[in-house]
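Here's the structure, in C-alpha cells; my notes come after.
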Amino acid sequence: MQKKNYQKELDKKIEQIVSEKKVPRLFLHSCCAPCSSYVLEYLSEYFEITVFYYNPNIFPESEFEKRIHEQKKLIRELLAKHTIHFQAGNYDSEKFYEMAKGLEMIPEGGERCFRCYELRLREAARFAKEGRYDYFTTTLTISPLKNAAWLNELGQKAGELAGVRFLPSDFKKKGGYQRSIQLSKEYNLYRQNFCGCVFSKRESEERMHKEKNI
C-alpha cells in the first residue's frame, strides 16, 4: 500500500484555492503557540483563520492557561496577510481522564495518544460545522513525534461525521518544524518540554532523571 503524501494533497488544495481567487475560512485546532507559528505563517496567506485552542489533556491547569496566553500573544504579534481570530475551548480535563482510563501506562505515541487526537479533532470538527467554516485542520502534524497518517485519518473521519471538510496536512514537511523553532525564538515563545498531559510529563521527568544519572 502506497504511503500518502499529505503535504502534496495540501499543495493541490491550495493551488485550487488560489486559482478560484477565494479566501476560505479555516478552523485550526492548535496544541500550542510554537507548533502553530509556522502553520499560521504559511496558511494565513490563503485562509482567514480561527485558532481553536482545545486541549483538555494539558496538565496542570496553570500550564493550560500559560499556553493560551502564548497563543494569544503570537496571534497579536504575527504579521499575517489575512485575519487570524482566536477561540478557546473548555478545559474538559474530566473527558481526557475518562478517555485515558486503562491506558495510563501506555508509552507516549500509543493508543492513549490516538484517542486523545480523536477527542480533540472531533470537538474541532463539531465547532467548525457549527461556525460554518469551509475547512478545519490541526497543527499537530508539525511534530516529528506525532503520527501524521493517524491524524489525517482521524481528521477525515471526524469531518465526515460532522459534515465539514478536513484540510490534509503534514506541516513538518518543507522545513515546517525547523521554521517553527526559528519563529518561536523570534517571538520569544514559551516552549514546553513535554507534550502536555500528566503521563507525558511523567515520561519526560523520568527520561531527564535517567540522563542525569548516566
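Residues Tyr133 and Thr50 have side chains that bring a donor and an acceptor to within less than 3.5 angstrom of each other.
One distance of note links OH of Tyr91 with CG of Asn57; it measures 8.5 Å at 0.5 Å rounding. A distance of 10.0 Å separates CG in Leu140 from SG in Cys113, rounded to the nearest 0.5 Å. One distance of note links CZ of Phe86 with CZ of Arg76; it measures 10.5 Å at 0.5 Å rounding. Annotation: the span from Leu26 atom CG to Ile84 atom CD1 amounts to 10.5 Å, rounded to 0.5 Å. Ile75 contributes atom CD1, which lies 13.0 Å from atom NZ of Lys73 (distance to the nearest 0.5 angstrom). Note: Arg165 CZ to Lys129 NZ = 11.0 Å, rounded to the nearest 0.5 Å.
Taking a cutoff of 4.0 Å between a charged side-chain nitrogen and a carboxylate oxygen, Glu118 and Arg122 qualify as a salt bridge. Using a cutoff of 4.0 Å between basic side-chain nitrogens and carboxylate oxygens, Asp11 and Lys173 are not scored as salt-bridged. The residues Arg126 and Glu123 are annotated as salt-bridged, a charged nitrogen and a carboxylate oxygen being separated by less than 4.0 angstrom. Arg179 has a carboxylate O that lies under 4.0 Å from a charged side-chain N of Glu186, or vice versa, which qualifies the two as a salt bridge.
Residues Gln156 and Glu153 fail the side-chain proximity criterion, which asks for heavy atoms closer than 4.5 Å. With a 4.5 Å cut-off on side-chain heavy atoms, Glu45 and Ile14 do not count as touching. Between Gln71 and Val51, some side-chain heavy-atom pair lies under the 4.5 Å cut-off. Phe52 has its side chain out of reach of Thr138: every pair of non-hydrogen atoms, C-beta onward, lies at least 4.5 Å apart. Residues Leu151 and Tyr6 form no side-chain contact, since every pair of their non-hydrogen atoms from C-beta on lies 4.5 Å or further apart. Using a 4.5 Å heavy-atom cutoff, the side chains of Phe136 and His29 are not in contact. At least one side-chain heavy atom of Leu28 sits under 4.5 Å from a side-chain heavy atom of Thr137. Between Lys101 and Glu98, the closest side-chain pair of non-hydrogen atoms falls below 4.5 Å.
Although no hydrogens or angles enter the test, the distance criterion places a donor-acceptor pair under 3.5 Å between the side chain of Arg112 and the main chain of Leu103. Between the side chain of Glu203 and the main chain of Glu108, a donor-acceptor pair closer than 3.5 Å is present. Judged by distance alone, with hydrogens and angles left aside, the side-chain atoms of Arg191 form no donor-acceptor pair with the main-chain N or O of Pro34 at under 3.5 Å. Glu104 places a side-chain N or O within donor-acceptor distance of the main-chain N or O of Gly102, the cut-off being under 3.5 Å. For Arg67 (side chain) and Ile58 (main-chain N/O), no donor-acceptor pair under 3.5 Å exists by modelled atom type.
Across all their heavy atoms, Gln192 and Cys32 have their closest contact at NE2-SG, 3.5 Å. Taking both residues in full, the closest heavy atoms of Thr141 and Asp170 are given as O-OD1, 3.5 Å, listed atom of the first, atom of the second, then distance. Closest of all the heavy-atom pairs between Ile17 and Pro24 is CG2-CD, 3.6 Å. Between Phe47 and His82, the shortest heavy-atom contact is O-CB, 3.4 Å. Contact between Gly131 and Arg25 at its shortest, heavy atoms only, is O-NH1, 3.0 Å. Residues Ser44 and Ala80 approach most closely at OG-CB, 3.5 Å, considering heavy atoms.
Residues Leu78 and Tyr46 share a hydrophobic cluster, clusters being chains of Ile/Leu/Val/Met/Phe/Trp/Tyr side chains in contact below 4.5 Å. Follow the hydrophobic side-chain contacts under 4.5 Å out from Val164 and you never reach Leu10; the two are in separate clusters. At a threshold of 4.5 Å between side-chain heavy atoms, the hydrophobic network of Ile, Leu, Val, Met, Phe, Trp and Tyr places Leu74 and Leu43 in one connected group. No path of Ile, Leu, Val, Met, Phe, Trp and Tyr side chains, each step under 4.5 Å between heavy atoms, connects Leu167 with Val23, placing them in separate hydrophobic clusters. Transitive grouping of hydrophobic side chains (ILVMFWY, heavy atoms separated by less than 4.5 Å) brings Tyr135 and Leu40 into a common cluster.
Judged by a 6.0 Å distance limit and a 45° cone about the ring axis, Lys66 is positioned over the six-membered ring of Tyr190. Judged by the 6.0 Å and 45° rule, Arg120 forms no cation-pi pair with Tyr54.
Using the six-membered ring where Trp is involved, Phe171 and Tyr38 have ring planes that are perpendicular, over 60° apart on the 30 and 60° scheme.
If you run ring-ring contact (aromatic ring centres under 6.0 Å, His included) between Phe64 and each of Tyr53, Phe96, Phe59, only Tyr53 comes through. When Cys195, Ser93, Cys31, Ser30 are each tested for a side chain to side chain contact (heavy atoms under 4.5 Å, CB included) with Asn55, only one passes: Cys31.
Atom OH of Tyr97 is surrounded by more than 12 heavy atoms from other residues, nucleotides or ligands within 6.0 Å.
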